[in-house]
Amino acid sequence: MLEETLHKYFGYDTFRIGQKEVVESVLQGNDTLAVLPTGTGKSLCYQLSGYLLEGLVVIVSPLISLMEDQVSSLQKTQEKRVIALNSLLTKEEKRFVLRKLNQYKFLFASPEMLLQPEVLQALERCKIALLVIDEAHCVSQWGIDFRPEYRQLQRVKKRLKDPVTLALTATATKLVRNDIAATLLKENLNEIVYSVDRPNIALFVRETDDKFATLEETLKHFSGSGIIYCATRKNVEELYGLLKDRWNVGYYHGGLETNQRKVLQQQFSSGQLQLLIATNAFGMGINKPDIRFIIHYDLSDSLENYIQEIGRAGRDGRQSYAILLYQQGDEYVHHFFSQITQKEREGLERLFAHQQEETTPLQEKWQNQAQVIGEEAVLQLLTQNEEMKKQRLQNMLSYIFSTGCRRERLLANFEEELGVIPDQCCDLHGAQLPDPEIPRAAMATVDHWQEILLKLFKENI
DNA sequence: CGCAATTATGGTATCATAATTGCGGTGCTATACT
């Protein structure tokens, strides 16, 4: 039955892992939380469900670029009733879309957009088939101290008279799943959880007191595409300066212009750039199949983020590698980040106690939330969050210092046990990096991306 | 915490060193400006 619909709309004959289960759960009218491995076609779950339900499918998406990808992928299946409602639209376009909402089948929007009064009003007048939270770990990861609107989605859900809700993600710990459920899902939700393990990614940690030397040594082992993650923009640019003469490399972080980011992503995905040095700004929605290695020049702030970042390797199923370089003290930058939120929280406490007048933008958002759940509750949430962050960093460190199997430690973070130990499991299980490649021919004739950009800009002036 | 940039100090060197300060991740939206 479902297979027929699958064939009709998408041309496939069989479902991939988890898809059918999720669609069935949604069609039965259950709030559903699905943790499906990367690259298994999570979006098909809501697309297919949408076709079998009456009304509009509202998809909450964290990034404009992600919305654009999804819209164009739907358009490729000849679906025209699809729109991304975001700040790229003019006021007139936005008003038009809101007036004609009933003509659409799929609407993509950020939490910020959905919370706008005129958007809520328009949606209220509409039959909602399904509310989808894509990349649902953002509710927990970003919803507290970065994009609080993520938590206020519960207000959106209420205003829409509690439509069936589907939360989708590739990685979530038990704590995060519970948090998502408590924030946005009914009590009798259906949890569909598959393993987060990626057996074709071998895990390595290299402790060193000369990270750059270790990086160069590590890079010798690879000829395919790879990402190098750093914790700060400054480190990204410094490393770029050190590598740019000898590698075909670009860099990416949140300080770059949108256009630049698009060019870089495109160049990396198409293979024009072999290496990309980036902060955690890079990665969500990246579907390049043949990334062979992920090197962490700086550790991540949590195993949740770490597994997301290394999970971008080996989507084609071929052997790939995750190497983390650790130097004593690297974790302090993450302590610093948590201090920022701590100071923001302390400011908010003074504000509530009327000892302070001025507010930061973030504090304003928290104030809004306080009107919904109360001042006490907000402060409690923030304090809890600080504790959680500390614990997450500790878990990251315990992975680095683990003496048993790294995969086992990583999976334990997601309440999973290691079943079959892959051939190339981890450095503690005797895994080896591939043999060093024959030195590459000089890349002197290849322009660096900045030079290419510069030329483009000059041509346009 | 750690590093780099800026400012202060000493005592008279268009300078060397010390002390202080600033900065460090992830994105949405709206609005005014060229």
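What you see below is based on every heavy atom in this structure, not just the backbone, and it leaves out hydrogens, waters and symmetry mates. Predicted model only: the values in this text are computed from it and were never measured. Each chain gets a letter, A, B and so on, in the order the sequences are listed, and its residues count up from 1.
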Have a look at A:P62 and say if it touches a base, only the backbone sugar-phosphate, or nothing, with a 4.0 Å heavy-atom cut-off.
-> sugar-phosphate
What is the nucleic acid contact for A:M113, judged by heavy atoms within less than 4.0 Å: base, sugar-phosphate only, or nothing?
-> sugar-phosphate
What stem regions, each of at least 3 consecutive Watson-Crick or G-U pairs below 3.5 Å, can be found for DNA chain B?
-> B:1-10 with B:15-24
Please determine, by modelled atom types, if A:N280 and A:Q308 share a side-chain donor-acceptor pair under 3.5 angstrom.
-> no
What is the distance from CG of A:L114 to C1' of B:dT29, rounded to the nearest Å?
-> 13 Å
Using the P atom in both, what is the distance from B:dG25 to B:dT21, to the nearest Å?
-> 23 Å
Take atom CD of A:Q328 and atom C1' of B:dC3, then tell me their distance rounded to the nearest Å.
-> 17 Å
Report yes or no: do A:H296 and A:E309 form a side-chain donor-acceptor pair below 3.5 Å?
-> yes
Whole angstrom is fine here: how far is it from CG in A:L362 over to P in B:dT29?
-> 17 Å
Integer-rounded Å distance: B:dC1 P and A:E331 CD | 12 Å
Contact string for nucleotides 20-26 of chain B, one letter per nucleotide 5' to 3', B = base within protein heavy-atom range under 4.0 Å, S = sugar-phosphate only, - = neither, reads ----BBB
By side chain to side chain donor-acceptor pair (under 3.5 Å), which residues pair with A:R233, not counting sequence neighbours?
-> none
Can you check the A:D298 CG to B:dC1 P distance for me, whole Å?
-> 18 Å
Below 4.0 Å: OP1/OP2 of B:dG27 and any side-chain N or O of A:S110 = no
Could you work out the separation of B:dA16 and B:dG11 based on their C1' atoms and round it to a whole Å?
-> 12 Å
Determine, for A:D427 against A:R406, whether the closest basic-nitrogen to carboxylate-oxygen distance falls under 4.0 angstrom.
-> yes
Say you pick atom P in B:dC33 and the same atom in B:dT29; how far apart are they, in whole Å?
-> 22 Å
Classify the side-chain pair A:N368/A:Q152 by whether it contains a donor and acceptor separated by less than 3.5 Å.
-> no
Whole-Å gap separating P (B:dT29) and NZ (A:K365) = 11 Å
Between A:S61 and A:Q70, a side-chain donor and acceptor under 3.5 Å | no
Counting heavy atoms not belonging to A:E118, are there more than 12 under 6.0 Å from its CD?
-> yes
How many Å lie between CD1 on A:I64 and P on B:dC28, as a whole number?
-> 4 Å
Under 4.0 angstrom, heavy atoms only, what part of the nucleic acid is A:Q116 near: base, sugar-phosphate, or nothing?
-> sugar-phosphate
Distance-only donor-acceptor check, side chains A:E416 and A:S195, under 3.5 Å = yes
Using atom CG of A:L89 as one end and atom P of B:dC28 as the other, report the distance to the nearest whole Å.
-> 14 Å
Is the phosphate of B:dA30, meaning OP1 or OP2, less than 4.0 Å from a side-chain N or O of A:K94?
-> yes
A:D179 and A:S140: side chain donor to acceptor below 3.5 Å = yes
Sticking with atom P, work out how far B:dA30 lies from B:dT26, rounded to a whole angstrom.
-> 22 Å
For B:dG22 versus B:dC28, give the span between their C1' atoms, rounded off to a whole number of Å.
-> 27 Å
Should we say atom CD of A:Q328 is surrounded by more than 12 heavy atoms from elsewhere, each under 6.0 Å from it?
-> no
